[in-house]
Visitor: 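Provided herewith is a single structure, encoded as structure tokens, for subsequent inquiry.
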Amino acid sequence: MDGDRLTAAVERYILTPHENVVNRRDWPDSVAIKTNRGWYDAQPADWLIAREPWVDQAFRLVLDDAVEDAASRTFGLILQRDGGVLHVNDQATMRGLGGRLGDDLDPLAYAELLAEFYSGPDIDRPVVAAQAASAFTKAGWLVHSVDQILAEFPFLDPEVVSPPRVRQVAGRVEITFHSCHYHLDVKGEVDVLRWNVAGGPGQEVGWLREYVARDVSRP
């Protein structure tokens, strides 16, 4: 794990203008970066995109800013073998990444990133604040299968989710999938979204999402 390269990427892509790195702790399987805002806990992410041959390392970073009862902010950084960096929270970056669909990017790997980082209620900003209910949960889940998501949220209606579907249509890749976003209101609740994504080499990617269930809570 290259802590120096990761820290440089955090400084360039994630920190706010008045935020500075003041300390760092390196472990074999994680890096903790301290700024004047809080600690960023960075761990290798098990995303599908990490298996692509052009990806060197992929990291999920969770910010602990010591604010009680606040949602936990999640960031994604993908370090490429050619030295480039992809900041997953950045919408322009994600739309550019979608231009690799049908070339050297697994459609489900792309859907997985959208599901985790773009399933929250507010994705209108250029850089999305992906919020998780706590530092121990993800900001969003891709529904790989009905059984998989019911194991995570057994109180969901299985009729509102389905496995992803990928199609090739007129030189474009089309992905239809569902995602889940767990959040805290009075108690833990889940939103379910249905996505339609289309993109391809040299083409602008587009995505549409709609809620199929909102604020579903345990009985």
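This chain uses plain numbering: 1 for the first residue, then up along the sequence. All heavy atoms count here, side chains included; hydrogens, waters and symmetry mates do not.
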Visitor: Minimum heavy-atom separation for Leu97 to Trp54, with atom names?
Guide: CD1-CH2, 3.8 Å
Visitor: Taking C-beta and beyond as the side chain, do Thr35 and Asn20 meet within less than 4.5 Å on heavy atoms?
Guide: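 No, too far: nothing below the 4.5 Å cut-off.
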Visitor: Are Pro158 and Leu150 close enough that some pair of their side-chain heavy atoms sits under 4.5 Å apart?
Guide: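 They are in side-chain contact.
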Visitor: For the residue pair Phe75 and Tyr40, does the interplanar ring angle fall in the parallel (under 30°), tilted (30 to 60°) or perpendicular (over 60°) class?
Guide: tilted
Visitor: Would you kindly say whether Arg24 and Thr7 are connected by a side-chain donor-acceptor distance under 3.5 Å?
Guide: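 Looking only at side-chain atoms, Thr7 and Arg24 do form a donor-acceptor pair, the distance falling under 3.5 Å.
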Visitor: So which heavy atom on Val10 is nearest to which on Ile33, and how close?
Guide: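 Closest pair (atom of Val10, atom of Ile33, distance): CG2-CD1, 3.8 Å.
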Visitor: Would you say Glu152 and Tyr182 make side-chain contact, with heavy atoms under 4.5 Å?
Guide: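 In short, these two side chains do not touch, never coming nearer than 4.5 Å.
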Visitor: Between the side chains of Glu116 and Arg60, is the shortest nitrogen-to-carboxylate-oxygen separation below 4.0 Å, so that they form an ion pair?
Guide: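 Between Glu116 and Arg60 there is a salt bridge, with a charged N closer than 4.0 Å to a carboxylate O.
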Visitor: Taking the side chain as everything from C-beta on, heavy atoms only, tell me whether Leu77 gets closer than 4.5 Å to Ile14.
Guide: yes
Visitor: State, to 0.1 Å, how close Gly76 and Asn89 come at their nearest heavy-atom pair, and which atoms those are.
Guide: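 Where Gly76 meets Asn89 most closely, the heavy atoms are N-OD1, 3.0 Å.
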Visitor: To check you understand the geometry: which heavy-atom pair defines the closest contact between Leu156 and Cys180, and what is its length?
Guide: CD1-SG, 3.9 Å
Visitor: Are Val192 and Ile149 close enough that some pair of their side-chain heavy atoms sits under 4.5 Å apart?
Guide: no
Visitor: Decide, yes or no, whether a salt bridge links Asp106 with Arg51 under the criterion of side-chain N to carboxylate O below 4.0 Å.
Guide: no
Visitor: Can a donor-acceptor pair be found, under 3.5 Å and without considering hydrogens, that links the side chain of Gln91 to the backbone of Ile123?
Guide: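 Checked: pair present.
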Visitor: Could you pull out the closest heavy-atom pair between Gln168 and Val173, with the gap in Å?
Guide: NE2-CG2, 3.6 Å
Visitor: How about Asn23 and Trp39: do any of their side-chain heavy atoms sit closer than 4.5 Å?
Guide: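 In short, these two side chains touch, coming nearer than 4.5 Å.
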Visitor: Should the pair Phe155 and Phe153 be assigned to parallel (<30°), tilted (30 to 60°) or perpendicular (>60°) ring geometry?
Guide: perpendicular
Visitor: Checking the side chain of Asp26 only, and the main-chain atoms of Met1 only, is there a donor and an acceptor separated by less than 3.5 Å?
Guide: no
Visitor: Measure the acute angle between the ring planes of Trp47 and Phe117, then classify it against the limits of 30° and 60° as parallel, tilted or perpendicular.
Guide: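 Perpendicular.
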Visitor: So, for Ala133 and His183, which heavy atoms are closest and what is the spacing to 0.1 Å?
Guide: CB-CA, 4.3 Å
